[in-house]
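In what follows, a single structure is set out as structure tokens and then discussed.
Proteins come first, then strands; the chains are lettered A, B, ... in the order of their sequence lines, and each starts at number 1.
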Amino acid sequence: MADEESQLVAERRRKLGLVRSAGRTAYPYRFADVVATGTVATAARALEPGAEDLAQSFAVAGRLGAIRQHGKSAFLDLQDRDGSLQLFARVDELGEAGYQTMLDELDPGDIVGAVGRPVRTKRGEPSLRVTRIELLAKALRPPPEKWHGLQDEEARIRHRHVDLFASRESRARFRARSLLTAGLRNFLTEAGFLEVETGVLSSVASGAAARPFVTHSHYLNDELRLRVALELQLKRLLIGGLERVFELGPVFRNEDLDSTHSPEFTMMECYWAYADYTDMRGLVERLYERLAHVAAAALPDVPGAKAAPEVFRPPFDVVDYVETLERAMGRDGLLDAPVDELRRLARATGVAIADDAPAGKCFDKLFDKYVEPTLLRPTFVMDYPTATSPLAKAHRSRPGRIERFELFYRGFELGNAYSELNDPDEQRRRFLEQAGDDPDAHFALDEEFVEALEHGMPPASGLGIGVERMAMALTGTSSIKDLVLFPPTRRRR
RNA sequence: GGGCCCGUAGCUCAGCCCGGUAGAGCAGGCGGCUCUUAACCGCAAGAUCAGGGGUUCGAAUCCCCUCGGGCCCGCCA
């Protein structure tokens, strides 16, 4: 678009020129003693309609919305992080010149500061009777339409800054995500977990079955990969004696973007020494109970969030992986079925399954098709077949199973936990088994990790939660793009 | 990777089926109005119809290609 030439930009530049030729700046350094708009609104709400509080003066600052002129008076909507407030400007307060200058120089979208007294209009709207108004930053581009805002999905993502100031919902959603992340962090910290940062770059990307991003280090003159999981690094911290650790940070998987997957997303993993997956299940239940309240408080007007405390009230449902799958498929003996048979069954669901696909993959697909969509209430699925994960400990009493659970809600995963495998010989064997003959196996043997286990890792349980999915579930958001501020987009040409 | 759909003024949309040379609302300009809140009233202005090619006397409209996006499936957890 030829914005530079557009009338609208030219008009705003003309107004910028007015400010400068009057010897003022359109981009000053600060505006003193700013309070949130809510502070003024609260003070004004205490007044009778039509009344003004002459005793108090407040300064507010934010972005201008609509400007409603009435000849010798004007109403200006001001939006800040807290909400919005109506400014009531009149010629008898600002003087002819001051009033005219304001109207000549300001546009919707400008950042302004205003000083004035709380007032309640005759219609009852809490407002600020303006005694001084100052341009704090000129907006050279016009804001989106005041009623519909930015509708175009592409524009909302590429111009997230505009989406945020134009959409109250968008602001509220990202604020809720932030509060949920903080809630997660607080919960774990209170439970005695130490937050760590283990680094994003490494030579081996392991811990999950995913294709990594590959980059190059000039210093090492070698390839580096972006992490796909936090698991192996955090377990090494258990070996190091940190006992209870968690990390909250980005992981990268070189795959497509869709409504539930983003190539870059935020993962939380925590590891708890001397605990098993039953302990962890209790922790997950308490965690979601707490976060559901955070979501409901953050988004009281969003039905999905408001209902969360009711939905996530413990105890959650608990089902057995194999039993549930067999019942859904109407057959039994799955655990003992030969891998050929599993591949055949998985293909029958219409999914592409390679001729050498391992049994774990087949189980994943079958569960995905037959069971996941039916798990609408928060449900723990217990005791997965051994083939589904090489990093979990064998079940203490059920052959062919591992001590693993996942939490599902509305058909998607909200957490994944194991009693962690800490026998180095067993770990080496399981890695090799998982990789099979596949040279591109994502679970490549991580010899360094196995060697670390040989130093002795305490028995422990680990948990992984995809932060966006957690936030989606608790805020009733259907697309992950609405909870990732800057999802990757194609280069604009 | 496959299928379907979308791209028109700064923003939100109509026009496309059935070809005749682009229309509204908001925002912006000018004028009016000292309690409006999607303010209101009047006047004037604003378009590479995503880009390229083709068909046609004539293309926003029909056809092909490209770019960008959305949804579904696949891949992926």
### Query
Is it true that A:F367 and A:F408 have ring centroids separated by less than 6.0 Å?
yes
### Message
Measuring only the P atom in each nucleotide, how far is B:rC33 from B:rG70? A whole number of Å is fine.
### Response
49 Å
Write down the protein N/O and nucleotide N/O pairs, taken from nucleotides 71-74 of chain B, whose separation is under 3.5 Å; answer none if there are no such pairs.
residue	atom	partner	partner atom	Å
B:rC71	OP2	A:K481	NZ	3.4
B:rG74	OP1	A:K369	NZ	3.0
B:rG74	N1	A:D256	OD2	3.1

### Query
What nucleotide, of B:rU37, B:rU34, B:rU12, holds the atom closest to the side chain of A:D152?
B:rU12
### Message
Taking salt bridge (charged side-chain N to carboxylate O under 4.0 Å, His left out) as the criterion, tell me which of A:R404, A:R236, A:K393, A:K235 meets it with A:E420.
### Response
A:K235
### Query
Counting any heavy atom closer than 4.0 Å, what does A:E125 reach on the DNA or RNA strands: base, sugar-phosphate only, or nothing?
base
### Query
In terms of the angle between their ring planes, are A:H161 and A:H159 parallel, tilted or perpendicular, with boundaries placed at 30° and 60°?
tilted
### Message
Tell me if a side-chain donor or acceptor on A:R12 pairs with a main-chain N or O of A:K138 at a distance below 3.5 Å.
### Response
no
## Note on the structure
A:K15 has its side chain closest, among B:rG29, B:rU37, B:rC75, to B:rG29
### Query
Could you give the CZ-to-C1' distance, from A:R12 to B:rG28, as a whole number of Å?
8 Å
#### Entry: Who pairs with B:rG68 - Watson-Crick or G-U, where each distance is under 3.5 Å
B:rC6
### Message
Any base atoms under 4.0 Å from A:E372, or only sugar-phosphate, or nothing? Heavy atoms, all strands.
### Response
base
### Query
Cation over ring, A:R281 on A:F380, under 6.0 Å and within 45°?
yes
### Task
Starting at atom CG of A:D368, determine the distance to atom P of B:rC76, rounded to an integer number of angstrom.
11 Å
### Task
Can you tell me the distance, in whole Å, between the CD atom of A:E154 and the C1' atom of B:rG69?
5 Å
### Task
Determine the contact category for A:D77: base if any of its heavy atoms lies under 4.0 Å from a base atom, sugar-phosphate if only primed atoms, P, OP1 or OP2 are that close, otherwise nothing.
nothing
### Message
Let's test this: given Watson-Crick or G-U wobble pairing with both distances under 3.5 Å, identify the partner of B:rC43.
### Response
B:rG29
### Query
So which nucleotide from B:rG28, B:rC75, B:rU34 ends up closest to the side chain of A:H70?
B:rU34
### Message
Can a side-chain donor-acceptor contact be found between A:Q151 and A:H148 if the only test is distance below 3.5 angstrom?
### Response
no
### Message
Under 4.0 Å from OP1 or OP2 of B:rG70: is there any side-chain N or O of A:R156 that close?
### Response
no
### Query
For residues A:D482 and A:T477, is any side-chain donor paired with an opposing acceptor at under 3.5 Å?
no
### Query
Under a 3.5 Å cut-off for both distances, is B:rA60 Watson-Crick or wobble paired, and to whom?
none
#### Entry: P-based separation of B:rC18 from B:rU61 [nearest Å]
14 Å
### P atoms of B:rG19 and B:rU37, separation to the nearest Å
45 Å
### Message
Taking the ring centre of each residue, are A:Y288 and A:Y409 less than 6.0 Å apart?
### Response
no
### Query
Taking the same atom, C1', in B:rU8 and in B:rA50, what whole-Å distance lies between them?
10 Å
### Summary
Expected list for residues 406-421 of chain A near RNA chain B, using heavy atoms below 4.0 Å, is A:E413
### Query
Using the P atom in both, what is the distance from B:rG15 to B:rG23, to the nearest Å?
15 Å
### Task
Please measure how far the P atom in B:rU21 lies from the corresponding atom in B:rC43, and state the result in whole Å.
25 Å
### Task
Could you pull out all residues at least two apart from A:E153 that satisfy salt bridge (charged side-chain N to carboxylate O under 4.0 Å, His left out)?
A:R156
### Message
Both A:K72 and A:P142 contact RNA chain B. Taking the nearest nucleotide for each, which residue is further toward the 5' end?
### Response
A:P142
Which pairs, protein N/O on one side and nucleotides 40-45 of chain B N/O on the other, fall under 3.5 Å?
residue	atom	partner	partner atom	Å
B:rA45	O2'	A:Q7	NE2	3.1

### Task
Would you indicate what A:N254 reaches in the nucleic acid, counting non-hydrogen atoms under 4.0 angstrom: base, sugar-phosphate, or nothing?
nothing
### Query
Is the closest side-chain donor-acceptor distance between A:T37 and A:D80 under 3.5 Å?
yes
### Message
Quick one about A:Y384 and A:S389 (side-chain donor to acceptor, distance below 3.5 Å, no hydrogens or angles considered), yes or no?
### Response
no
### Message
Which residues pass the side chain to side chain donor-acceptor pair (under 3.5 Å) test with A:R410, not counting sequence neighbours?
### Response
none
### Query
Between A:L140 (CG) and B:rG10 (P), how many Å, whole number?
16 Å
### Query
Where the side chain of A:L150 is defined as all heavy atoms beyond and including C-beta, which of B:rU37, B:rA27, B:rU12 is the nearest nucleotide?
B:rU12
## Note on the structure
The nucleotide from B:rU12, B:rC76, B:rC11 with an atom nearest the side chain of A:Q151 is B:rU12
### Message
With a sphere of 6.0 Å drawn around CZ of A:R24, does it hold more than 12 non-hydrogen atoms of other residues, nucleotides or ligands?
### Response
yes
### Task
Assess whether one donor atom and one acceptor atom, taken from the side chain of A:H148 and the base of B:rC11, lie less than 3.5 Å apart.
no
### Query
Which nucleotide in the list B:rU12, B:rC30, B:rU36 gets nearest to the side chain of A:F75?
B:rU36
### Message
The side chain of A:P108 is closest to which nucleotide in this list: B:rG68, B:rA38, B:rA27?
### Response
B:rA27
### Query
If we take the P atom in both B:rA24 and B:rC65, what is their distance in whole Å?
36 Å
### Query
Sequence neighbours excluded, which residues qualify as salt bridge (charged side-chain N to carboxylate O under 4.0 Å, His left out) partners of A:D82?
none
### Query
Taking atom P in both B:rA44 and B:rG25, what distance in whole Å separates the two?
13 Å
### Query
With sugar-phosphate meaning primed atoms plus P, OP1 and OP2, does A:G50 contact a base, only sugar-phosphate, or nothing at under 4.0 Å between heavy atoms?
nothing
### Message
Over all strands shown, is A:R68 touching base, sugar-phosphate only, or nothing at heavy-atom distances under 4.0 angstrom?
### Response
base
### Query
Given that A:V119 and A:D104 both sit by RNA chain B, which one's nearest nucleotide is further toward the 5' end?
A:D104
